[in-house]
Amino acid sequence: MTLDKSSPGFPKVRLRRLRKNPAIRQLLQETRISVKDFIYPVFVKEGITTAEESQTMAGIRKFPLSGLIEEVQECYDLGMRAFIIFGIPSSKDERGSSAFSKHGIVQQSIESLRKTFGDQIVVISDVCLCQYTLSGHCGILRGRRVDNDLSLDLLARIAVSHANSGSDMVAPSAMMDGQVKAIREALDESGFTDTIIMGYSAKHSSSLYSPFREISASAPSLGDRKSYQMSFLNHREALREVMMDIQEGVDIVMVKPAVPYLDLIRRVRDMTNLPLCAYSVSGDYAMIKAASGQGLIDEKQAVHEMLTSIKRAGADILITYHAKLISQILQEE
Ligand SMILES: [Zn+2]
């Protein structure tokens with residue numbers, strides 16, 4: 001920020017001049033959000049025939065494979081073009097093998113989207129084990145501990161199977177050291193040199209994930225995720241996580257959650273020229289829904305303000321459960 005020392009100051013300077021009416025305010029608007037900034041999370045559940053309403057996130061549903069196209073088409077008609085797919089498998093095991101099965105729910109979803117929409121949409125797939133392992137942890141257990149290096153091979157297999165099904169972008173979220181490197185090498189060896197990796201680079205162990213865990217049935221059965229996800233107390237360590245992903249060859253970095261971590265989004269923005277994604281998580285969504293449901297805040301205004309703040313902090317793209325609503329709000333503007 002440079003101070004204009006020659007500025008005459010008040011009363012010659014009146015900042016309110018620039019806020020006189022809506023047309024002037026719009027002209028001078030510094031941050032703009034667009035429907036093209038958003039990635040919409042879509043949940044696809046194996047073994048159901050009709051969509052299931054989430055118990056914790058009002059308005060969010062889990063879809064059967066047969067309902068996926070209709071849901072994405074609705075979003076497409078609102079202008080959205082990017083979707084991140086989360087799978088809810090009907091069976092789990094110790095190695096999370098349904099995560100890398102050729103006929104897994106995510107693999108089938110990607111194929112179906114690719115067949116219907118071709119290159120008109122960006123298909124992103126979450127790469128993790130927690131929805132698929134009996135333990136609910138993001139890696140493989142050895143004893144009571146999540147084993148980093150054992151997990152890498154499986155994460156790489158998941159990413160390759162997603163790429164093989166047609167995913168444009170794989171998004172490793174397990175917070176294992178070396179996961180981006182392992183995935184990049186495996187993708188390249190399999191000929192998927194153009195598959196993008198979006199790392200959940202600084203993913204924090206957050207209280208704001210709870211609503212998601214209900215919908216994705218991925219709560220850990222023992223312990224917590226603090227031995228691999230970031231502590232919200234540390235900001236320098238978060239920057240190291242981002243730097244490590246960059247060194248391993250990531251294409252897009254991410255900060256998750258977004259709203260209580262806007263300072264970190266700004267620091268990452270200042271640190272790298274890579275595209276920066278921020279994930280506005282299920283807790284952000286649920287809090288606004290709960291407060292607006294009780295008439296305490298206006299849902300549309302709160303969503304607009306919250307998502308704009310993430311962009312203003314420096315994020316290029318946003319994953320948000322509010323994507324449908326904000327698309328409608330922006331169309332009404
Ligand atoms: Zn996970």
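Order of appearance sets the numbers: ligands from 1, and atoms from 1 within every ligand.
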List in chain and number order the residues that pass side chain to side chain donor-acceptor pair (under 3.5 Å) with [X], two or more places apart in sequence or in another chain; answer none if no residue qualifies.
| X | value |
| --- | --- |
| Arg267 | His235 |
| Thr56 | Ser54, Glu214 |
| Asn148 | none |

Here the Zn ion (ligand 1) sees protein N, O or S atoms within less than 2.8 Å, and their number is 3
Report yes or no: is the cationic atom of Arg61 (NZ for Lys, CZ for Arg) closer than 6.0 Å to the six-membered ring centre of Phe43, at no more than 45° off its axis? no
Is it the case that Lys256 places NZ or CZ above or below the six-membered ring of Phe212, under 6.0 angstrom from the centre and within 45 degrees of the axis? yes
Problem set entry | Any Ser125 side-chain heavy atom under 4.5 Å of Ile110 side chain | yes
